[in-house]
Amino acid sequence: LFNTFPREEERFEPIEEGVVRMYTCGQTVYDDVHVGNARTYVYWDTLRRYLEWKGFQVFHVQNITDVGHLTDDADQGEDKVEAAAREQGLEPMALVERQLERYYRDMEELNVERHYVEPRATCHVPEMIGTVQDILDNGYGYVREGNVYFDVFEFDEDYGYADMANMDLDEIEARPRVEEDPLKRNQADFALWLEAPEEHIMQWDSQWSVGYPGWHLECTAMSQKYLGDTIDIHGGGKDHIFPHHPNERAQAVAATGQEFANYWLHAGFLTVEGEKMSKSEGNFYTAREVVEEFSGEALRMYYLSTHYRKDTDFSFEEMENAEAKLERVRNFLASVEDTDGGSETYPEGEIEGLKAEFEDAMDDDLNTPRALQSVMRFIKEANKSLDNDPEVLRKAAEIVRELCGVLGLELGRKEEVDGRVVDLLLRQRERLRDEGRFEEADEIRDELSELGIEVQDTDEGFCWIKKN
Ligand SMILES: [Zn+2]
């Protein structure tokens, strides 16, 4: 894995054998997920799936920022949720609930699995207050009026502050700011806790003031709560290389004296026509818009066709290529099912070869485009020899399914089944059974099973569940 801190490719060694503890920065739920953020979430989901396939037990935590993310990413500006809610005439928490639901729906479309814990910032303010107190006790913070600040210079001397970003403190100190904060010792310091003006959305009680935590604090406190002081992998978008991740790390190390994460992974930017996506420029696409036009699976295929660290330009043309690629895989699987095969022997070694190639690519800093190329090349060859021994063909299809599954591409994923239709069929099945036509009744049960519906007969009649 390429570790941003210290900017080197390193062999991955987890702290505990066979277990991976991973934290990735999640969504601020004030707006629909745009194609850039969704891309990052798909990569971390792929990493987790791959590690699980390799036999690791993965504890993956990804937070949800409901409130607390300010418009300028640091400690100035307005709360993003508050600003969006006001614009739409909504209660902030009503906006959060709506966006959260839309977020989960989008992630489902992209086949991003639910995380081990998805902690919400507002549920962890006591933990954040605890972290601030630890930082103060260890001498890396100071209180000014009702605010608490992190002393970046003090920390830098002991642990190095912005090495991850390859920046030195003088450079950070000299950066232009919206406004100078006269309470700070140095302008490079950042807020851990801010006293809230009366109209501010967050009014939490603390030993310092009624106020709210700095945005960076939630990831530190929640990662440590659910995964321990030091974790294996910490991921996020490249925009987090400064200031979010150095701040997260500084808080964690200052609070515990332990290193925060062993591997820092950062995903590249997704641009549109060479420009950073922005709403005001009108070059802004939500994942939802793209999924509606194509499909979640096609969007996932599009993402994985580029390496996660690479910046890439979003284009509908590439989306069409991704869709065509998916089609080729589906066609291959369908042909294998349709063919009667023949007697020729297919070089079985190629199946093992594909697996090795795939693993080799994925082990190389999660090189999904190379892994996909191997699968596509294999399909191209296998397509030429569909008159092979059916058993071998079945194995070939199986490995393609398996490896695509590792990438989160579950080809021919089941369409949502309408519960009313299931009920209708099952009533029909009851009738057949009453008439003693058991074979036909069983046929309905078996076919539903193929659609992922499991029928259970009880004393009171039937019920059904969706199989996971
Ligand atoms: Zn974070």
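On a predicted model such as this, the values are computed, not experimentally measured, just so you know. Each ligand, and each atom within it, is numbered from 1 in the order the structure gives.
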Peer 1: Which residue is it: Trp44, Tyr263, Tyr23, Phe5? I am looking for the one with a ring pair (Phe, Tyr, Trp, His ring centres under 6.0 Å) to His234.
Peer 2: Tyr23
Peer 1: Are Arg185 and Tyr149 in a cation-pi contact, defined as NZ or CZ under 6.0 Å from the six-membered ring centre and within 45° of the axis?
Peer 2: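 Not flagged: Arg185 not positioned over aromatic ring of Tyr149.
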Peer 1: Among Asp239, Thr312, Asp313, whose side-chain contact (heavy atoms from CB on, under 4.5 Å) with Phe269 holds?
Peer 2: Asp239
Peer 1: Strictly under 2.8 Å, is the Zn ion (ligand 1) approached by any N, O or S atom of His244?
Peer 2: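 So His244 does bind the Zn ion (ligand 1) by this criterion.
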Peer 1: For salt bridge (charged side-chain N to carboxylate O under 4.0 Å, His left out), just list the numbers for Glu179 and Lys184, CA-CA rounded to whole Å, side-chain angles, deciding distance to a tenth of an Å, and then say yes or no.
Peer 2: CA-CA 12 Å; Glu179 233 181 309; Lys184 284 182 180 177; over 6 Å; no
Peer 1: For the Zn ion (ligand 1), decide whether His216 has an N, O or S atom at a distance under 2.8 Å.
Peer 2: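 Checking the Zn ion (ligand 1) against His216, no N, O or S atom falls under 2.8 Å.
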Peer 1: Calculate the angle formed at the Zn ion (ligand 1) by OE2 in Glu248 and SG in Cys25; 10° precision is enough.
Peer 2: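 OE2 of Glu248, the Zn ion (ligand 1) and SG of Cys25 span an angle of about 100°.
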